[in-house]
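Please read the structure below before turning to the comments.
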Amino acid sequence: MKITFPDGKISEFPQNSTGYDVALSISEGLARNSAAVKVNGTLQDLTAPITTDSEISIITLKDSEGLDVLRHSAAHVMALAVKRLYPESKLAFGPATEDGFFYDFDDLHLTDADIPAIEEEVKKIVKEKVEFQRIVVSRSQALEIFKDEPYKIERINDLPEDEIITYYKSGDLIDLCRGPHLQNSGAIKAFKVMRLAGAYWKGDSNNKMLQRIYGTAFSDKKDLKDYLEMRERAEANDHNKLGRELDLFVTDKRVGKGLPLLTPRGSTLKRTLIRFVEDEELSRGYEYTTTPFMANKELYQVSGHWDLYKDGMFILGDKESQDDKEEVLSLRPMTCPHQYIVYNRRPHTYKELPVRYAETSTLFRNEASGSMHGLIRIRQFTLSEGHIMCRPDQIEEEFEAVLDLINYFMKTLDLKDYSYRFSKWDPNNTDKYINNPEAWEHSQSVLKKILDKSGMPYTEAEGEAAFYGPKLDIQMKNVWGKEDTVITVQLDYALADRFDMKYIDANGEEKRPVIIHRSSIGCYERTMALLIEQYGGKFPFWLAPDQIRILTINDSCHPAAEALKVKLSRVGLRADVDSRSETLKKKVRTAQMMKIPVILTIGESEVANDTVSVRTLDGTVVQDVKVDDFINKCLIFDRNRDLEISFK
RNA sequence: GCCUUCUUAGCUCAGUGGUAGAGCAACGCACUUGUAAUGCGUAGGUCAUCAGUUCAACUCUGAUAGAAGGCUCCA
């Protein structure tokens with residue numbers, strides 16, 4: 001049979017040669033480092049015979065697909081180790097993930113103290129070079145083989161009728177699995193259990209919680225070491241840690257869970273962002289509203305939020321009360337209905353659309369106690385919220401303008417590591433959505449057309465839409481690798497009807513506006529968290545809570561330093577003076593540790609000449625800068641929101 | 001809400017069934033400093049809270065609260 005290689009070369013091999021044979025024919029090193037083989041685009045075991053003319057490529061342990069195979073195999077090896085140590089445990093599911101793998105077990109109750117024993121057992125299995133044998137079985141045979149593994153049985157029963165059922169045997173472990181796998185466990189040179197966690201069977205909180213073991217594996221020890229060091233560096237930027245070290249926020253259990261308090265520095269950061277966003281939005285045709293932090297439950301009954309989300313709302317009064325006369329209020333979980341009421345205060349003509357309302361709105365959501373996280377998931381937060389009421393023919397242009405605004409913010413903040421997600425409804429879970437399939441079909445196709453036209457790469461996610469419409473979500477990852485939505489733009493054909501919103505068209509007829517719900521910079525707290533992590537605390541000059549720290553050489557310079565501080569404050573720059581009787585080295589160090597972008601030093605010669613010595617965070621020092629020149633440069637950096645500054 | 005782990009001074013962390021320690025920060029004194037830690041001294045803690053075991057609990061057990069990671073949820 002003919003084997004075609006990725007470079008186009010064609011070689012003749014005997015019928016039923018394996019991927020391993022093919023690799024070996026090229027070099028022994030390749031065979032040794034191969035993880036799997038891709039035959040006509042399908043990944044399969046190296047040991048599987050190839051039966052017909054095929055295009056093949058050898059996947060090595062260093063390829064990302066090969067690393068996935070290795071990690072998936074490592075998950076099996078770990079399962080074998082767990083089964084050896086805890087024979088009563090039950091297997092659930094164990095795939096490779098982006099940076100490792102996990103395996104879920106039932107009837108397993110490990111604590112951290114048990115991890116070393118598992119790692120030892122895995123080492124043994126790696127040394128044993130346990131083979132992975134792929135075996136094809138009938139459904140009835142599979143049900144018999146896995147009769148003691150209830151989760152595998154459930155899975156077999158979930159498989160489509162025509163699915164070929166395979167399992168892998170590695171030592172004493174028999175695991176229902178599609179593969180492919182390594183030839184044997186010997187290639188798993190580096191293995192580590194990362195952490196224990198809980199996870200619901202099939203990801204459904206109505207199901208039993210299983211024990212999940214997260215681990216990672218590499219084909220050599222250095223890769224593992226590099227990975228762990230990379231994790232360590234990333235976690236050093238954890239906003240939850242840095243944010244407190246840099247004196248941006250605190251928490252206190254007497255205030256409550258998910259209720260961080262911003263310090264003066266944190267507050268300055270937030271205010272700077274808010275002013276930036278509000279000014280930019282005003283310049284782009286938004287009008288700002290100020291609406292109440294709470295509303296009667298009737299408002300949310302009309303919008304539909306009450307039925308779906310009342311458990312997640314902070315309610316004042318008895319939410320179960322059937323008495324219509326009893327006043328029941330809710331702290332607002334979003335501002336949409338408030339702004340609709342503002343829109344409805346008077347009639348609108350087609351000529352005045354689009355109406356763009358924005359608000360820096362404080363919102364309250366009763367998040368589940370276990371889901372709160374630093375500044376990222378909190379119970380009171382501030383959203384750069386907005387709603388655009390427009391005609392159907394304006395949707396595209398308005399949506400594009402929103403994207404342009406968002407891109408401007410992302411670019412100004414130098415955020416690059418984000419992705420787009422097209423969030424759609426789930427037709428099989430209609431309880432969560434306004435159940436009008438034709439409307440969903442329409443709104444999703446409109447949004448899809450806009451996204452495709454923009455050329456932006458996006459992933460599609462079923463079941464992630466808002467209950468009233470599809471969304472474009474901008475997703476970012478925190479230092480732990482967990483993805484969150486930072487910004488969302490939603491297309492809503494539904495709520496205008498519920499609130500009886502209208503405009504008069506050119507023919508004098510009443511029409512429903514289409515509503516675009518949008519955030520521009522997201523939730524300020526969450527965005528701040530991601531900024532802290534992305535910058536590692538080193539904010540650009542315009543955003544830094546303290547922009548300039550003035551250091552004095554000796555006490556006689558203090559009056560000049562204080563006078564300079566006042567001068568800087570008057571022009572809107574944020575400066576303070578370190579007048580401690582410490583050495584200059586010490587004061588420089590303190591300022592650098594606080595990541596203050598500009599450090600000024602004043603001694604006798606500076607006072608005499610009306611100059612400053614300017615040090616930037618990178619350690620560069622520029623001497624004898626005229627105070628006025630310094631101020632002018634700072635004002636330009638501040639106004640331009642420059643990411644890099646220099647006083648040379 | 002569920003799973004694992006954690007909670008000792010403002011911060012970072014030691015520590016042991018016999019009553020608590022360091023570094024940094026703070027404060028005081030001396031030093032008056034030229035670009036990443038001057039020296040000496042002082043003060044600071046019912047060891048998260050509550051209950052139990054014990055002659056004795058910061059240490060062991062349980063509950064509660066809060067925190068970290070994961071799962072679920074996320075308008």
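Letters A, B, ... mirror the listed sequences (proteins, then strands); counts begin at 1.
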Watson-Crick/G-U partner (both atom distances under 3.5 Å) of [N]:
N	answer
B:U38	B:A30
B:U12	B:A22
B:U54	none
B:G44	none
B:A63	B:U49
B:C71	B:G1

Looking only at side-chain N and O atoms, does [X] come under 4.0 Å of OP1 or OP2 in [N]?
X	N	answer
A:K471	B:A75	yes
A:S369	B:G1	yes
A:K586	B:U35	no

By nearest atom, which of the nucleotides [options] is closest to the [X] side chain?
X	options	answer
A:N554	B:A68, B:U33, B:G34	B:U33
A:R377	B:U35, B:C74, B:U4	B:C74
A:M209	B:G70, B:A65, B:C74	B:G70

Tell me what [X] touches on the nucleic acid: a base, only sugar-phosphate, or nothing, going by heavy atoms under 4.0 Å.
X	answer
A:E245	nothing
A:G304	nothing
A:R212	sugar-phosphate
A:E235	nothing
A:T111	sugar-phosphate
A:A368	base
A:A197	base
A:K208	nothing
A:N240	sugar-phosphate
A:D112	sugar-phosphate
A:G619	nothing
A:F102	nothing
A:H517	nothing
A:R244	nothing

Expressed as a whole number of angstroms, how long is the span from A:D578:CG to B:U35:P?
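Interatomic distance, CG of A:D578 to P of B:U35: 16 Å.
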Spacing between A:E98 atom CD and B:G70 atom C1', to the nearest angstrom:
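Distance check: A:E98 CD to B:G70 C1' gives 16 Å.
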Tell whether [X] reaches the base of [N] with its side chain through a donor-acceptor pair below 3.5 angstrom.
X	N	value
A:R615	B:A36	yes
A:Y200	B:G70	no
A:S581	B:C31	yes

Residue that, paired with A:E154, satisfies salt bridge (Lys or Arg N to Asp or Glu O under 4.0 Å) out of A:K90, A:K208, A:K202
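For A:E154, the salt bridge (Lys or Arg N to Asp or Glu O under 4.0 Å) check succeeds only for A:K202.
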Minimum heavy-atom distance between A:Y151 and A:L91, given as atom pair plus value
CB-O, 3.3 Å
For the student: nearest non-hydrogen atoms of A:F101 and A:A74, plus distance:
CE2-CB, 3.7 Å
Parallel, tilted or perpendicular for A:W425 and A:W440, by the 30°/60° rule?
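Rings of A:W425 and A:W440: parallel, as their planes differ by under 30°.
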